[in-house]
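For clarity, every value in this text was computed on a predicted model and none was experimentally measured. What's counted below: heavy atoms across the whole structure, side chains too, no hydrogens, waters or symmetry copies.
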Amino acid sequence: MAQKLDYRQDLAEDAALQRRRYRELQRQSRVFDARVRTIGVDTEALDAQIKDRKIQEATQRAYDDTIAAEMKQNDKILCILDERQKRDSQILNKAVNEFRQTYQQPETRREFDLSDPQALKKDTPARLADSDPRCTISGLQKFMGEDLNSENRWKFQKEQTREWLLQQQKDWENALADKKYADDLHDQHRMELDQKAVNLQRIDEETRRAICITTTEFNKALAADIASRRQLEKQQEDEDNIAEISNLLRGDLLSENPQQAASSFGNGRVIPNRWKGMNQDQLKEIRDVQLQQVLEKLRLEEEERQRNAEWDRKRIQEARAEVLFERHQQRQNRELRRTLDNLNAQLSQEQKTR
């Protein structure tokens, strides 16, 4: 079926290719033929192309519809065949299973005794009782805790363990209930303490508010008292300042009375903190004394200059005398050396002659 569909698809593609080639050859003949070719738009050719295109689309649409119908038909056939195959397979498997259950039971096999799943149940137990003579020491059929009454003992132990667990669970629930009761009492006590703390805090805030109000009123009264006291003090200070200024203006200090500086220890002495300076006579006397001191200093400087000039002249004369003496001494040394050289030359000549 699939090969048939592929073959039909190939034929359709070949036919479409042949049609496209034929249309291309017709177009080339119209374009390259000078007798048929026209300048501008060939409306007849365009209409022919549009008509061919519509025919081609209709043909292709019909072909696609045919292919789709065939595919739907083939799908239905395949589904029917698949259902039939499944049904046949189920019938065959059912027949095989019925034949096996009827004629091939496991008990009818020759080696069934080797693979019998109930063989251990059918076999004689290794121990019939705790006092079975077959249970020897070397048989390893009886161990501590593996007696035949072990199931009842295990049931009793499980029941005892369950009772213990129930008792522990009950104790645990009682402990939880006691803890919950203690926690509730603790929470209640804590809530009471919190309520007391809130009440104490409210009372404390009210007390502080009252103290603040009282302190504010006291501060206002104190500020008013301090302001009035400062006003009085400022008024008294202003009066004192006016009196002091009046006294100073009328006193001997600002009027510069020279008599106020006279000291009681002598006529030539004054009080420093009251002395306002010297008069013109005293200043003239001081200037005369200063002039005499200047003249005396100039006289002393002139005498010192003359003395220094005399000493410089004497020092120059002594230096000149020393220079002359050194030159004379040098001439004498040169003469003496020349005489010694001549004497040594004569002695040397005489020695050579000898």
- Message: For Q188 and D184: C-alpha separation, side-chain torsions, deciding distance, then whether side chain to side chain donor-acceptor pair (under 3.5 Å) applies.
- Response: CA-CA 6 Å; Q188 185 178 0; D184 294 339; over 6 Å; no

Can you give each donor-acceptor pair under 3.5 Å made by side-chain atoms of residues 285-295, sequence neighbours left out, with the distance rounded to 0.1 Å?
| residue | atom | partner | partner atom | Å |
| --- | --- | --- | --- | --- |
| D288 | OD2 | K284 | NZ | 3.4 |

In Å and rounded to the nearest 0.5 Å, what is the [atom1] to [atom2] distance from [X] to [Y]?
{"X": "I242", "Y": "E239", "atom1": "CD1", "atom2": "CD", "answer": "7.0 Å"}
{"X": "I67", "Y": "Q60", "atom1": "CD1", "atom2": "CD", "answer": "9.5 Å"}
{"X": "E173", "Y": "D178", "atom1": "CD", "atom2": "CG", "answer": "12.0 Å"}
{"X": "N219", "Y": "D225", "atom1": "CG", "atom2": "CG", "answer": "12.5 Å"}
{"X": "R84", "Y": "C79", "atom1": "CZ", "atom2": "SG", "answer": "13.0 Å"}
{"X": "K72", "Y": "I77", "atom1": "NZ", "atom2": "CD1", "answer": "14.5 Å"}

Between [X] and [Y], is there a side-chain N and carboxylate O pair less than 4.0 Å apart?
{"X": "R190", "Y": "D187", "answer": "yes"}
{"X": "E57", "Y": "R53", "answer": "yes"}
{"X": "D341", "Y": "R337", "answer": "no"}

- CA sep, side-chain torsions, deciding dist, call: D47, K51, salt bridge (charged side-chain N to carboxylate O under 4.0 Å, His left out): CA-CA 6 Å; D47 294 337; K51 185 177 180 181; over 6 Å; no

- Message: Does E217 form a salt bridge (charged side-chain N to carboxylate O under 4.0 Å, His left out) with K220? I'd like the steps, not just the answer.
- Response: CA-CA 5 Å; E217 294 177 354; K220 289 180 179 179; over 6 Å; no

- Residue from E24, Q26, Q18 passing side-chain hydrogen bond (donor to acceptor under 3.5 Å, both in side chains) with Y22: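 The option that passes is Q26.
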
Would you indicate whether the side-chain heavy atoms of [Y] and [X] approach each other to under 4.5 Å?
{"X": "L340", "Y": "L336", "answer": "yes"}
{"X": "Q235", "Y": "L232", "answer": "yes"}
{"X": "R162", "Y": "E159", "answer": "yes"}

- Message: Testing the 3.5 Å rule here: is there a donor-acceptor pair between the side chains of Q236 and D240?
- Response: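 Yes, because at least one side-chain N or O of Q236 sits under 3.5 Å from a partner of the opposite role on D240.
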
Quick one: does any side-chain atom of [X] pair with a main-chain N or O of [Y] as donor and acceptor, under 3.5 Å?
{"X": "S89", "Y": "Q85", "value": "no"}
{"X": "S348", "Y": "N344", "value": "no"}
{"X": "N174", "Y": "K170", "value": "yes"}

- Message: Checking R23 against R20 for the side-chain contact (heavy atoms from CB on, under 4.5 Å) test, could you report, in this order, the C-alpha distance in whole Å, the side-chain angles of both residues, the deciding distance, and whether it holds?
- Response: CA-CA 5 Å; R23 285 195 301 270; R20 284 197 299 273; 3.3 Å; yes

- Message: One pair to check against salt bridge (charged side-chain N to carboxylate O under 4.0 Å, His left out): D64 and R61. What are the steps and the verdict?
- Response: CA-CA 5 Å; D64 293 338; R61 193 180 304 110; over 6 Å; no

- Check the pair L165 / T161 against side-chain contact (heavy atoms from CB on, under 4.5 Å), numbers first and verdict last. CA-CA 6 Å; L165 292 175; T161 304; 4.2 Å; yes

List the atom pairs, donor and acceptor, that lie under 3.5 Å between side-chain atoms in residues 307-326 and the rest of the protein, sequence neighbours left out.
| residue | atom | partner | partner atom | Å |
| --- | --- | --- | --- | --- |
| R307 | NH1 | E304 | OE1 | 2.6 |
| N308 | ND2 | E304 | O | 3.0 |
| E310 | OE1 | R313 | NH2 | 3.1 |
| E310 | OE2 | R313 | NH2 | 2.0 |
| D312 | OD1 | R315 | NH1 | 3.4 |
| D312 | OD1 | R315 | NH2 | 2.2 |

- Near Y63 OH, under 6.0 Å, is it more than 12 heavy atoms from other residues, nucleotides or ligands?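 Result for OH/Y63: enclosed.
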
- Query: salt bridge (charged side-chain N to carboxylate O under 4.0 Å, His left out) between R299 and E303: does it pass, once the steps are laid out?
  - Reply: CA-CA 6 Å; R299 186 183 62 78; E303 291 179 357; 2.6 Å; yes

- Linked, directly or transitively: F218 and I226 (ILVMFWY side chains, under 4.5 Å):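 Yes, same cluster.
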
